[in-house]
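Reminder, nothing fancy here: chain letters follow the sequence lines and each chain counts from 1. Here the structure is a predicted model, which means the values were calculated and not measured.
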2 protein chains.
Amino acid sequence: MKKEAAKKASQNFLNGVPILLVLKLLSEKEMYGYEIVRAIHEKTGRSLSFPEGSIYPTLHVLEEDGHVKSREKAHNGRTRLYYAITPSGTKKLEQLTGEWRKVFQGVHLALDAGKAGLS
Amino acid sequence: MKKEAAKKASQNFLNGVPILLVLKLLSEKEMYGYEIVRAIHEKTGRSLSFPEGSIYPTLHVLEEDGHVKSREKAHNGRTRLYYAITPSGTKKLEQLTGEWRKVFQGVHLALDAGKAGLS
DNA sequence: TGGACATACCTAAACCTACTAGGTATAATA
DNA sequence: TATTATACCTAGTAGGTTTAGGTATGTCCA
C-alpha cells in the first residue's frame with residue numbers, strides 16, 4: 001500500500017502525464033480539483049481530457065506524497081479545496097518534465113528516423 | 001451509451017508506446033523479439049529501453065490481435081521467431097501514431113504555454 | 001416550489017499495461 | 001568446463017488510470 005522507501009522508478013514508457021499536467025498547472029496558480037479538470041482540457045488545446053472522477057485520487061496521492069497541499073476556501077457559501085504546489089512538488093515537476101522530454105524525443109527519433117532532423 | 005463489451009477503452013493519456021514502437025520497427029522489416037529489444041534502444045537514441053522479458057507478452061498479444069504474424073527461421077542451428085506486421089497492424093500503427101501526436105501536442109501546449117510557438 | 005442543472009467533492013473496485021523475476025535451452029568463447 | 005551471449009518463455013504482480021457510483025449545495029426559471 002504505502003510505498004515508503006522503495007518507491008522505485010521502473011522507467012515506465014509513460015505514465016504520470018496526468019500528474020505532470022496537474023503539477024504544471026499548480027505551479028502557475030492555486031486551483032481546485034474541478035477547475036483543474038477543465039483547465040487541462042483547455043490548456044492542452046482541447047485535445048486531452050481528464051475524467052472528472054480521476055482528479056481526486058490523483059490529488060490525494062500528490063498530497064500524501066507531499067507534492068501539493070490543500071486548504072479550504074469558501075466561495076459563495078460553498079467550500080472549495082484549493083491545492084498549491086510545494087517545493088517537493090516543484091522538484092517532482094522538473095523530474096517528470098525531464099522524463100517526458102526524454103520519452104518524447106526517443107519516440108520521435110524512432111518514428112521519424114530517416115526524415116529530416118527534428119528540431 | 002453502453003459500449004461494447006471488453007475491448008474499448010478509455011482514452012488513456014499514454015499507454016501503448018511499446019506497441020507503437022514495436023509496430024513501427026516491424027513496419028520497416030521483419031524482426032525477432034530479442035532483436036526488437038535492442039533495436040528500440042538504438043532507434044530511440046539509447047534513451048528508452050524495453051525490458052527483455054516484456055517483449056514476448058507484447059508480441060503474443062499483438063499476434064493474437066492479428067497485428068503481426070510470426071514464422072520460424074533457422075539461424076546457425078538456432079531457431080528464431082521472426083515477426084512481420086500485417087495490414088491490420090499497419091492500421092493500428094497509424095492509429096497509435098495519431099494518438100501519440102495528439103497527446104504529445106497536448107502536453108507540449110500545456111508545458112510550453114506562454115513560450116514562443118513550438119516547432 | 002420544485003425540478004433541472006451546474007458545481008464541487010468523494011471512493012471502492014475494476015481495468016490494463018507493462019514490469020519483475022524467475023525459468024529453459026543452445027551456441028560461442030575462454 | 002565454465003561462463004557469457006543469444007533466444008525464448010510465463011506466472012504473478014504492481015501501479016496508474018478509469019469507471020461508476022455516490023453526496024451535497026447553489027442557481028435558474030417556469
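Of the two residues contacting DNA chain D, namely B:Tyr82 and A:Ile19, the nearest-nucleotide position lying further toward the 5' end is that of B:Tyr82. Both B:Gly77 and A:Glu35 lie close to DNA chain C; mapped to their nearest nucleotides by heavy-atom distance, the more 5′-ward contact belongs to A:Glu35.
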Donor-acceptor pairs under 3.5 angstrom involving side-chain atoms of residues 50-58 of chain B: please list them, not counting sequence neighbours.
residue, atom, partner, partner atom, Å
B:Thr58, OG1, B:Ser54, O, 2.9

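Of the candidate nucleotides C:dA18, D:dT6, C:dA28, D:dT6 has the atom lying nearest to any side-chain atom of B:Arg80.
No side-chain heavy atom of B:His67 sits less than 4.5 Å from a side-chain heavy atom of B:Ile85. Two residues are said to be in side-chain contact when any heavy atoms from C-beta on lie closer than 4.5 Å; A:Trp100 and A:Gln105 fail this criterion.
Rounded to whole angstrom, the span from the CD atom of A:Glu64 across to the P atom of C:dC10 amounts to 13 Å. One atom, OH of A:Tyr83, and another, C1' of C:dA8, lie 11 Å apart when rounded to the nearest Å. Regarding B:Lys73, its NZ atom lies at a distance of 18 Å from the P atom of D:dT6, rounded to whole Å. Atom pair B:Leu23:CG and C:dT17:P shows a separation of 13 Å (rounding to whole Å applied). A:Leu81 places its CG atom 17 Å from the P atom of D:dA24, with the value rounded to the nearest Å. A:Glu72 has its CD atom 14 Å from the C1' atom of C:dC10, to the nearest Å. Taking atom CG of A:Leu96 as the reference point, atom C1' of D:dG16 lies 13 Å away to the nearest angstrom. Between B:Asn76 atom CG and D:dA5 atom C1' the separation is 13 Å, expressed in whole Å.
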Polar atoms only, N or O, under 3.5 Å: list the protein pairs with nucleotides 4-6 of chain C and their distances.
none

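For B:Arg38, the side-chain contact (heavy atoms from CB on, under 4.5 Å) partners at least two apart in sequence or on another chain are B:Tyr32, B:Tyr34, B:Glu35. Scored by the side-chain contact (heavy atoms from CB on, under 4.5 Å) test, A:Lys91 finds no partners at all (sequence neighbours excluded). For B:Glu30, the side-chain contact (heavy atoms from CB on, under 4.5 Å) partners two or more places apart in sequence, or in a different chain, are B:Arg71, B:Lys73, B:Tyr82, B:Ala84.
The pair A:Glu99-A:Lys92 fails the salt-bridge criterion, with no side-chain N (NZ, NE, NH1 or NH2) lying under 4.0 Å from an Asp/Glu carboxylate O.
For the residue pair A:Arg46/A:His41, the side-chain donor-acceptor check at 3.5 Å is not satisfied.
Formation of a donor-acceptor pair under 3.5 Å by the B:Thr90 side chain with backbone atoms of B:Thr86 is found in this model.
The shortest distance between the side-chain N/O atoms of A:Tyr32 and the OP1/OP2 oxygens of C:dA8 is below 4.0 Å.
For residues 52-62 of chain B, proximity to DNA chain C is found at B:Gly53, B:Ser54, defined as any non-hydrogen atom under 4.0 angstrom from a strand atom.
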